[in-house]
Amino acid sequence: MADHLTEEEQIESLKRWWKENGTGIVTGIVLALAGYFGWQWWQAKERGDAEAASNVYQGFVEAVSANEGKPDNKQLTTAQSLARELKDDYNKRIYAAQASLQLAAMAVEKNDLEAAAKELQWVLDNSNDDALKLVAKRRLASVKAARGETKEALELVQGSVPPAFAALYAETRGDILLQQGDKDAARAAYQEARAQLLPEQAAGSRLLDLKIEGLGEAPKAEGESADDAGEAEVDSEAATEKDAQ
């Protein structure tokens, strides 16, 4: 008996193996190619969409920046049209949220608080960028407070937020609480904001100090009077003198 398979037997063995495994191999190759070309297509589409959205946003910026930031009616109409295009066609991209934030700021300047609230709510409902959503949330709280909706406004700025937003959110809580007439709670919120300022936010400390000073000193603890405080100070000085002797 031959030690090795004859050429015909090798061919026959290969045919049997291909019959048993060929379909799976072909399918695997087809899927791999489909995945590769699909990925290439998706990347190309992403690049194309990003470039297109950037171009639309550039046109928006030029429109709202016209006349040194005071666009006329025609330019404003152009800006609004481009913003709608961004929100309709590229709603998950950062450009759409940035356009809405800009339109909201312009609406606030015109005291159109309803329009501002709609733009800010759109960012909360559609943006995938957490930082922009936090910006929109805080601004929406201020807009709602300006509309007299202080309860809803306060709810928007409750809870923990990243350190970069902590002081601003606490200050906004203070503003709303002061609007509600709760000076003590407002003072506490301003003091919390003062304590949470990051080094790069130090410029905001003076305004917070003015807000705190404007509310006067915090009320003394229950049962404590000015005389009690004075007596405590005298006792402390006497103890110090006794120790010195």
Side-chain angles (χ1 to χ4, degrees), residues 57 60-61 64 69 79-80 83 86-87 91-219 221:
Y57 182 70
F60 169 84
V61 170
V64 297
Q80 291 170 336
L86 285 168
K87 290 190 285 186
N91 64 323
K92 296 302 179 183
R93 296 195 175 274
I94 193 172
Y95 301 114
Q98 288 175 327
S100 275
L101 288 174
Q102 182 62 40
L103 288 180
M106 295 170 65
V108 169
E109 289 180 1
K110 294 182 178 181
N111 202 34
D112 189 350
L113 300 181
E114 182 177 358
K118 288 180 179 179
E119 294 292 346
L120 294 168
Q121 188 63 54
W122 187 92
V123 177
L124 291 179
D125 293 339
N126 294 276
S127 178
N128 287 332
D129 189 285
D130 290 338
L132 289 182
K133 290 177 75 171
L134 284 167
V135 170
K137 195 174 184 182
R138 205 285 306 173
R139 292 183 184 178
L140 182 57
S142 294
V143 168
K144 284 185 174 292
R147 298 179 69 185
E149 302 168 3
T150 56
K151 182 179 179 181
E152 294 87 345
L154 197 57
E155 289 174 354
L156 286 169
V157 288
Q158 297 287 10
S160 62
V161 294
F165 292 89
L168 186 56
Y169 267 58
E171 181 180 0
T172 304
R173 284 198 301 275
D175 293 342
I176 299 169
L177 289 165
L178 183 58
Q179 184 178 339
Q180 290 180 330
D182 193 341
K183 292 185 178 181
D184 294 339
R187 182 188 298 103
Y190 290 145
Q191 290 171 336
E192 179 185 348
R194 185 71 171 79
Q196 292 181 325
L197 283 173
L198 299 178
E200 59 269 26
Q201 299 170 329
S205 62
R206 182 53 184 157
L207 178 58
L208 284 168
D209 288 341
L210 291 173
K211 288 183 177 183
I212 294 170
E213 291 169 7
L215 291 173
E217 293 194 14

- Parallel under 30°, tilted from 30 to 60°, perpendicular over 60°: which one fits the rings of Tyr57 and Phe60? parallel

- Query: Where do Lys87 and Glu119 land on the salt bridge (charged side-chain N to carboxylate O under 4.0 Å, His left out) test, with the steps shown first?
  - Reply: CA-CA 11 Å; Lys87 290 190 285 186; Glu119 294 292 346; 3.0 Å; yes

- Message: Could you report the tightest heavy-atom contact between Ala164 and Leu198, atom names first, then the distance?
- Response: CA-CD1, 3.8 Å

- Task: Evaluate the side chain to side chain donor-acceptor pair (under 3.5 Å) criterion for residues Tyr190 and Asp175: first the C-alpha distance (whole Å), next the side-chain angles of each, then the deciding distance (0.1 Å), finally the verdict.
- Result: CA-CA 8 Å; Tyr190 290 145; Asp175 293 342; 2.6 Å; yes

- So which heavy atom on Trp122 is nearest to which on Ser100, and how close? CE3-OG, 3.5 Å

- Task: Specify the closest pair of heavy atoms between Gly174 and Ala186, including all atoms of both residues, with the distance to one decimal.
- Result: O-CB, 3.5 Å

- Message: Between Asp130 and Lys133, does any side-chain N to carboxylate O distance fall below 4.0 Å?
- Response: no

- Query: So which heavy atom on Arg173 is nearest to which on Gly159, and how close?
  - Reply: NH1-O, 4.4 Å

- Message: To check you understand the geometry: which heavy-atom pair defines the closest contact between Pro162 and Leu134, and what is its length?
- Response: CD-CD1, 3.7 Å

- Note on the structure: Looking only at heavy atoms, the pair that brings Leu124 and Ala136 closest together is CD2-CB, 4.2 Å

- Query: Does atom NZ of Lys151 have more than 12 heavy-atom neighbours, drawn from other residues, nucleotides or ligands, at distances under 6.0 Å?
  - Reply: no

- Taking atom CG of Leu207 and atom CZ of Arg194, what is their separation to the nearest 0.5 Å? 11.0 Å

- Query: Quick one: CZ on Arg93 to CG on Leu86, what's the gap to the nearest 0.5 Å?
  - Reply: 11.0 Å

- Message: What's the separation between atom CG in Asp209 and atom CD in Gln191, rounded to the nearest 0.5 Å?
- Response: 10.0 Å

- Task: For Lys92 and Ser127, indicate whether the former's side chain and the latter's backbone hold a donor-acceptor pair under 3.5 Å.
- Result: no

- Message: With rounding to the nearest 0.5 angstrom, report the OG1 to CD distance, Thr150 to Gln179.
- Response: 6.0 Å

- Task: Decide side-chain contact (heavy atoms from CB on, under 4.5 Å) for Arg138 and Val161; before the verdict, give the C-alpha distance in whole Å, the side-chain angles of both, and the deciding distance to 0.1 Å.
- Result: CA-CA 11 Å; Arg138 205 285 306 173; Val161 294; over 6 Å; no

- Any sub-3.5 Å donor-acceptor pair from Arg187's side-chain atoms to Leu215's backbone N or O? yes

- Item | Rounded distance (nearest 0.5 Å) linking atom CG of Leu120 with atom CZ of Arg139 | 7.5 Å

- NZ/NE/NH1/NH2 to OD/OE distance under 4.0 Å, Glu155 and Lys144: no

- In Å, rounded to the nearest 0.5 Å, how long is the span from CG of Asn126 to CD of Gln121? 9.5 Å

- Item | Evaluation steps, side-chain contact (heavy atoms from CB on, under 4.5 Å), between Gln196 and Tyr169 | CA-CA 10 Å; Gln196 292 181 325; Tyr169 267 58; over 6 Å; no

